[in-house]
Amino acid sequence: MARKFDNRPIGVFDSGIGGITVLKALRARLPHENLIYLGDTARLPYGTKSAETVTAYATQATRNLMTHDIKMAVIACNTAASVALEPLSAALDPLPVIGVVGPGAEAGVKASKNGHIAVLATEATVRGGAYLRAIHALAPQADVVQKACGLFVTLAEEGWIKGDVAEAAARRYLEPLFKGRQKPDTIVLGCTHFPVLARVIARVVGPGVKLVDSAATTARAVELALTEKGLTTNRRGKGKVRFLATDSAERFARVGGIFFGEDITAKQVELVDLLPG
Ligand code: DGL
């Protein structure tokens with residue numbers, strides 16, 4: 001029988017630091033929940049790797065999160081959620097697993113009025129086509145164009161989220177999507193790193209194009225699932241956030257602060273080893 005309350009933490013997994021955008025949305029929506037975030041910073045990026053490698057890495061990482069007695073796993077990494085959600089759910093069964101692709105697709109479909117939707121993501125996410133399938137499941141007539149924007153990940157990691165270089169990259173990626181075809185009225189930021197570049201992207205595509213990401217919709221999906229399964233905390237005070245990473249606590253803290261919107265110190269970041277054996 002489902003428990004009424006559950007004070008165990010929610011595990012949030014990403015290939016690196018960008019998933020903190022999802023962590024932030026979870027904290028805003030579920031302030032009393034304890035959250036434990038694991039970034040596989042030693043093996044970032046996942047977005048350029050094969051589905052097999054991403055699945056193997058993500059399975060090791062989420063199994064590590066399970067050792068912290070989590071009550072649910074949130075796959076904040078779009079690449080892992082795109083290519084590995086099914087094997088991950090099977091590997092972690094009976095733990096509930098929520099990925100960001102479904103909620104991101106839902107946000108895109110809700111926002112679009114003309115049915116033309118652009119999805120910006122990593123190469124692996126685009127290749128896997130999970131956003132395409134998720135959007136078409138909700139809106140079969142939608143015209144979806146996907147674009148791999150790998151350099152955005154590097155720019156965000158470097159903290160170059162505004163200025164000439166970011167704008168030139170955004171133009172190069174986005175202008176072709178708005179030429180000679182029905183213009184998308186909605187862009188789904190289908191990668192953890194892209195929300196921090198939203199201002200530059202918005203400037204390049206101009207007004208009238210909505211930018212959506214999966215952070216807020218994922219947080220809502222998590223809240224719903226917790227309620228349905230009787231897994232919500234009954235804690236009254238503010239929940240704690242714990243950070244785990246597989247490499248460089250200093251870098252995690254420095255770049256993580258950009259995504260979290262508040263300072264993270266290297267001391268707050270615990271290093272973990274995911275390699276088997
Ligand atoms: N977390 C990845 C994603 O959301 C971006 C970074 C990477 O390539 O690992 O797709």
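Position 1 is the first residue of the sequence; numbering continues from there. Note that ligands are numbered from 1 as they come in the structure, with each ligand's atoms numbered from 1 the same way. Quick caveat, the model's predicted, so the values are computed rather than measured.
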Does the side chain of [X] come under 3.5 Å of the side chain of [Y] through a donor N or O and an acceptor N or O?
X: Thr154; Y: Glu157; value: no
X: Thr122; Y: Thr125; value: yes
X: Asp40; Y: Thr246; value: yes
X: Asn7; Y: Asn34; value: no
X: Gln60; Y: Arg43; value: yes

| task | Could you tell me whether Ser15 and ligand 1 have an N or O pair separated by under 3.5 Å? | result | yes

| field | Polar proximity ligand 1 side, Thr48 side, N/O cut 3.5 Å exclusive | value | no

| request: Around atom 8 (O) of ligand 1, find the nearest protein heavy atom and jot down its residue, atom name and distance. | output: Gly47 N, 2.8 Å

Determine whether the side chain, the backbone, both or neither of [X] has a heavy atom under 4.0 Å from any heavy atom of ligand 1.
X: Thr192; value: both
X: Asp14; value: side chain
X: Thr79; value: both

| message | Please list, in number order, the atoms of ligand 1 under 4.0 Å from a heavy atom of Tyr46. | response |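 Taking each heavy atom of Tyr46 in turn, ligand 1 has 7 (C), 8 (O), 9 (O) under 4.0 Å.
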
| task | List every atom of ligand 1 that sits less than 4.0 Å from any heavy atom of Leu44, numbering the atoms from 1 in the order shown and giving each element. | result | 6 (C), 7 (C), 9 (O)

| said: Angle between ring planes, Tyr57 versus Tyr46, binned at 30° and 60°: parallel, tilted or perpendicular? | reply: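 The arrangement is tilted - the two ring planes meet at 30° to 60°.
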
| query | With sequence neighbours left out, what residues match Glu106 under salt bridge (charged side-chain N to carboxylate O under 4.0 Å, His left out)? | reply | Lys110, Arg220

| Mind checking whether Cys191 has a heavy atom under 4.0 Å from ligand 1? |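 Contact check Cys191 vs ligand 1: positive.
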
